[in-house]
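These numbers come from a predicted model, not from an experiment.
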Number of protein chains: 2
Amino acid sequence: MNIGEVAEQTGLPAKTIRYYEDIGLVTPQRGANGYRVFRDTDAHKLTFLGRARALGFSIEHCRELLALWEDRSRASADVRAVALGHLDDIEEKISALAAMRDTLAELVQNCAGDDRPDCPILKGLEGP
Amino acid sequence: MNIGEVAEQTGLPAKTIRYYEDIGLVTPQRGANGYRVFRDTDAHKLTFLGRARALGFSIEHCRELLALWEDRSRASADVRAVALGHLDDIEEKISALAAMRDTLAELVQNCAGDDRPDCPILKGLEGP
DNA sequence: CTTGACCTTCCTGTGACTGGAACCCTTATG
DNA sequence: CATAAGGGTTCCAGTCACAGGAAGGTCAAG
């Protein structure tokens with residue numbers, strides 16, 4: 001498989017796949033013409049990476065998960081630990097965003113939104 | 001005021017304040033020694049920026065908000081529009097994160113997390 | 001033989017800073 | 001007066017995970 005085909009198959013942009021090779025996440029072979037040649041295992045890896053990234057795992061976490069995936073003698077506890085750590089991160093981000101939303105929504109609700117200059121949003125940003 | 005003092009007053013790191021000057025958000029004067037000299041209005045601006053950034057507004061949105069803040073003939077509708085746009089962004093991010101969390105939480109819940117290699121999390125990342 | 005689609009590498013840019021090096025200014029102290 | 005500490009200054013590099021684009025090589029079809 002050339003990069004275009006595997007890109008279509010995995011849904012990842014070719015640029016991203018090249019980048020993943022750069023940082024050592026996949027190691028496709030090379031044809032006589034210099035083109036990358038992807039085997040099925042490479043494509044599977046890339047699919048795995050795409051899904052892990054879609055769940056918000058960082059590249060480094062992806063690297064760990066990939067290593068665990070390839071290690072047939074892994075302990076599922078190790079995988080779970082990585083996932084739980086990431087879940088905490090996600091929860092924290094959600095909380096932070098929800099707090100922003102709540103504050104901002106309150107400011108917006110108090111703002112008339114007309115052609116007059118008086119604006120509680122700007123006042124709220126000025127200071128308490 | 002020197003940069004250290006205004007940094008303490010606003011809670012922003014000095015590095016950030018220099019960066020804000022670089023990109024034209026504040027324009028402190030300079031003393032004979034080359035030091036930045038911040039007036040009260042500069043400090044107020046920086047406080048405003050710090051709060052807007054804390055609510056997740058991008059630098060470009062901050063620039064807009066700052067311009068509106070300084071424009072005494074603004075229409076509050078313009079401010080509200082920026083804020084509402086940002087609220088939408090926040091909601092979208094929250095939804096995306098919540099979706100990640102739900103998917104990931106389900107995988108985690110199905111994982112024994114023991115010393116055996118069998119792991120639904122990895123299976124879930126492989127494919128549907 | 002040419003066209004057009006595909007592939008290659010390399011360089012730059014993104015957002016919003018952060019860290020660090022190398023150097024200047026000010027103030028207090030021995 | 002020398003010096004040391006604690007400000008300040010500029011500039012350069014790095015972060016994260018790619019994306020855009022230039023310049024050029026390769027391949028299959030007409």
Side-chain angles (χ1 to χ4, degrees), chain A residues 1-39 42-43 45-46 48-66 86 89-90 93 96-97 100, chain B residues 1-39 42-43 45-46 48-66 85-86 89-90 92-93 96-97 100:
Chain A
M1 267 191 291
N2 283 349
I3 198 167
E5 198 179 341
V6 77
E8 197 180 0
Q9 201 181 99
T10 61
L12 295 172
K15 280 268 183 193
T16 298
I17 298 174
R18 290 193 195 100
Y19 173 67
Y20 287 172
E21 185 191 10
D22 256 17
I23 61 174
L25 286 179
V26 276
T27 49
Q29 296 176 316
R30 294 291 179 137
N33 52 12
Y35 285 18
R36 290 168 181 82
V37 176
F38 295 85
R39 290 156 299 180
D42 296 317
K45 265 197 198 184
L46 287 167
F48 181 95
L49 287 169
R51 291 177 172 271
R53 290 287 301 134
L55 287 179
F57 285 102
S58 72
I59 290 285
E60 284 319 301
H61 277 165
C62 286
R63 203 186 294 276
E64 287 181 53
L65 290 172
L66 204 50
H86 182 46
D89 286 357
I90 293 178
K93 280 183 192 169
L97 286 170
M100 287 182 197
Chain B
M1 267 191 289
N2 283 349
I3 199 167
E5 199 180 340
V6 77
E8 197 180 1
Q9 199 180 100
T10 62
L12 295 172
K15 279 268 185 192
T16 298
I17 296 173
R18 290 195 194 98
Y19 173 66
Y20 287 172
E21 186 191 10
D22 256 19
I23 62 174
L25 287 179
V26 277
T27 48
Q29 297 177 315
R30 294 291 179 137
N33 52 12
Y35 286 16
R36 289 167 182 82
V37 177
F38 294 85
R39 291 155 299 180
D42 296 318
K45 265 197 198 185
L46 288 167
F48 182 94
L49 287 169
R51 291 177 171 272
R53 291 286 303 132
L55 286 180
F57 285 102
S58 73
I59 289 286
E60 283 319 303
H61 277 165
C62 286
R63 204 187 293 276
E64 287 181 54
L65 290 171
L66 204 50
H86 182 46
D89 287 358
I90 293 178
E92 261 185 53
K93 282 185 192 168
L97 285 170
M100 288 181 196

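- Take A:E21 and apply the salt bridge (charged side-chain N to carboxylate O under 4.0 Å, His left out) test, not counting sequence neighbours, and it matches A:R30, A:R36.
- Ionic pairing of A:D42 and A:R39 is present here: one or more N-O contacts between side-chain nitrogen and carboxylate oxygen are shorter than 4.0 angstrom.
- End-to-end axis angle of the helix from C:dC1-D:dG30 to C:dG30-D:dC1, using five pairs per end and rounding to 10°, comes to 30°.
- The distance from atom NZ of A:K93 to atom CE of B:M100, rounded to the nearest 0.5 Å, is 8.0 Å.
- Contacts with DNA chain D (heavy atom under 4.0 Å) in residues 6-19 of chain A: A:P13, A:K15, A:T16, A:Y19, listed by number.
- In the region residues 20-36 of chain A, proximity to DNA chain C at under 4.0 angstrom, judged on heavy atoms, holds for A:R30, A:G34, A:Y35, A:R36.
- Annotation: side-chain contact (heavy atoms from CB on, under 4.5 Å) contacts of A:E5 (sequence neighbours excluded): A:M1.
- Panel note: side chain B:N33, backbone B:Y35; a donor-acceptor pair is recorded below 3.5 Å.
- Applying the salt bridge (charged side-chain N to carboxylate O under 4.0 Å, His left out) definition to pairs two or more places apart or across chains, those involving residues 48-62 of chain A are A:E60-A:R63.
- Atom P of nucleotide C:dA16 and atom CG of B:L46 are separated by 16 Å, given to the nearest angstrom.
- Shown here are the ring-ring contact (aromatic ring centres under 6.0 Å, His included) partners of B:H61, two or more places apart in sequence or in another chain: there are none.
- Within the 4.5 Å cutoff, side-chain heavy atoms of B:Y20 are placed close to those of B:I59.
- With sequence neighbours excluded, no residue satisfies salt bridge (charged side-chain N to carboxylate O under 4.0 Å, His left out) with A:R18.
- Here the P atom of nucleotide C:dC17 and the CD atom of B:E60 are 12 Å apart, to the nearest Å.
- You'll find the side chain of A:K45 stays beyond 4.5 Å of the side chain of A:L25, heavy atoms only.
- A nucleotide of DNA chain D counts as in contact with chain A when one of its atoms lies under 4.0 Å from a heavy atom; the first and last such, 5' to 3', are D:dA17 to D:dC27.
- With sequence neighbours excluded, no residue satisfies ring-ring contact (aromatic ring centres under 6.0 Å, His included) with A:F38.
- Every pair tested for side-chain hydrogen bond (donor to acceptor under 3.5 Å, both in side chains) that includes a residue from residues 8-17 of chain B fails, sequence neighbours excluded, so the list is empty.
- For the ring-ring contact (aromatic ring centres under 6.0 Å, His included) test, residues two or more places apart in sequence or in another chain that qualify with A:F48 are A:W69.
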